[in-house]
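Please read the structure below before turning to the comments.
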Amino acid sequence: MKPKIIVHGGARNLGNKETERIKDIINACEIGYQVLLDKNAVEAVEIAVRHLEASAYLNAGVGSYLQLDGRVRMDASIMKDDLSAGAVIGIEDVEHPISVARRVMDMTQHVILSGPLATDFAHSEGFPRFDPRTRPKIDLWMEIMEEFHQKTTYEQIFHVDRYLTGRFKLGTVGCVAIDNNGGIAAGTSTGGLKLNVPGRVGDSGIIGAGTYCSKFGGVSCTGYGEKILVLSLARQVVNYLQQGKSAKAMDAAEYGIKELNSLDAYGGIICIDKEGNLGYSYNTEILTMHYIE
Ligand code: GLY
């Protein structure tokens with residue numbers, strides 16, 4: 001099998017810093033590809049997503065959006081084609097949530113750890129404390145909070161829904177890879193929505209929603225997490241690959257986007273099928289992505 005890798009830095013409308021974003025995405029893809037040649041799919045996915053998390057221009061790890069209360073809480077998940085999986089939800093004070101998700105997969109009997117205990121797990125496992133907030137994201141949060149400061153927490157939650165309508169800024173990151181043994185892995189990492197309500201859970205830390213992988217293929221999704229969740233979108237895309245006799249990754253990604261369209265939701269999908277075909281589709285202005293095959 002020819003090794004292949006595809007990474008994304010989120011489906012969104014065109015914004016500023018696109019040049020910087022795509023540079024970081026290409027870099028992450030190239031580093032992931034080198035690891036894919038030397039090691040295997042899961043190592044490649046982890047390292048590529050770590051590099052995406054290190055970019056201040058992408059909404060994952062460093063540079064994650066601040067939540068409504070000014071804190072950064074991140075979600076990440078990783079999965080292999082043997083159905084082993086790990087995820088963290090609402091983790092704080094780490095640089096690389098994807099590596100904590102990998103540690104959950106490799107070292108525990110569990111699939112998902114959430115909240116402060118996920119953070120405690122990471123620190124107890126030796127992941128250093130790290131504040132992922134950047135100055136531009138803090139400034140953005142302060143600017144927006146001018147609108148909110150007179151409101152109670154519950155008023156803020158309803159107000160934020162109105163504020164967000166039509167103004168979503170996305171930037172979840174993800175990667176899917178297939179190695180020379182045909183091993184497949186997929187991973188996704190995010191800082192959530194801009195002004196994420198604390199406690200809100202999106203799709204990226206949920207196996208079957210933001211990420212899924214089986215021997216039929218691997219998928220990473222980006223976009224409106226609530227709709228991706230209710231569709232179990234990543235699982236549906238892999239089901240499509242599993243059921244369709246001649247289904248290819250590109251058809252499967254397009255099928256997934258049709259599902260999102262049926263709910264008037266936006267997003268993007270990357271995938272690789274068991275034959276090593278690459279697929280991607282999106283219904284936003286752009287899906288920042290790169291692949292090597
Ligand atoms: N897709 C990322 C999120 O909704 O949290």
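Scope of the values below: all heavy atoms of this structure, side chains included, with no hydrogens, waters or symmetry mates. All ligand and atom numbering here is 1-based and tracks the order in the structure.
- For ligand 1, the atoms sitting less than 4.0 Å from at least one non-hydrogen atom of Arg200 are 3 (C), 4 (O), 5 (O), numbered in the order shown with element in parentheses.
- Taking a cutoff of 4.0 Å between a charged side-chain nitrogen and a carboxylate oxygen, Arg102 and Glu43 qualify as a salt bridge.
- The contact set between ligand 1 and Gly225, taken as ligand atoms under 4.0 Å from a residue heavy atom, comprises 4 (O).
- Among all heavy-atom pairs drawn from Ile184 and Val176, the shortest one is CG2-CG1, 4.3 Å.
- In summary, of the residues considered (Thr284, Thr172, Thr288), a side-chain hydrogen bond (donor to acceptor under 3.5 Å, both in side chains) with Arg12 occurs for Thr288 alone.
- Remark: ligand 1 atoms within the under-4.0 Å shell around heavy atoms of Thr172 are 1 (N), 2 (C).
- Judged by the shortest distance from any of its heavy atoms, Glu226 lies outside the 4.0 Å radius around the atoms of ligand 1.
- In terms of N/O distances under 3.5 Å, ligand 1 is approached by Gly223.
- Atom CE of Met1 sits in a crowded spot, with more than 12 heavy atoms from other residues, nucleotides or ligands closer than 6.0 Å.
- Shown here is Tyr280, whose OH atom has no more than 12 heavy atoms of other residues, nucleotides or ligands within 6.0 Å.
- Residues passing the ring-ring contact (aromatic ring centres under 6.0 Å, His included) test with Tyr255, sequence neighbours excluded: Tyr240.
- Which parts of ligand 1 touch Ser204 is read off a 4.0 Å heavy-atom cut-off, strictly below it: atoms 1 (N), 2 (C).
- Contact annotation: for Lys227 versus ligand 1, there are no heavy atoms closer than 4.0 Å.
- Applying the 4.0 Å criterion to heavy atoms of Gly192 picks out, from ligand 1, the atoms 5 (O).
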Please output the side-chain donor-acceptor pairs of residues 93-101 that fall under 3.5 Å, not counting sequence neighbours, one pair per line with the distance.
unit_1 : atom_1 : unit_2 : atom_2 : d
His96  : ND1    : Glu53  : OE1    : 3.0
Ser99  : OG     : Glu46  : OE2    : 2.6
Ser99  : OG     : Arg50  : NH1    : 2.7

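- Residue Asp203 holds the heavy atom nearest to atom 2 (C) of ligand 1 of all those in Val201, Asp75, Val173, Asp203.
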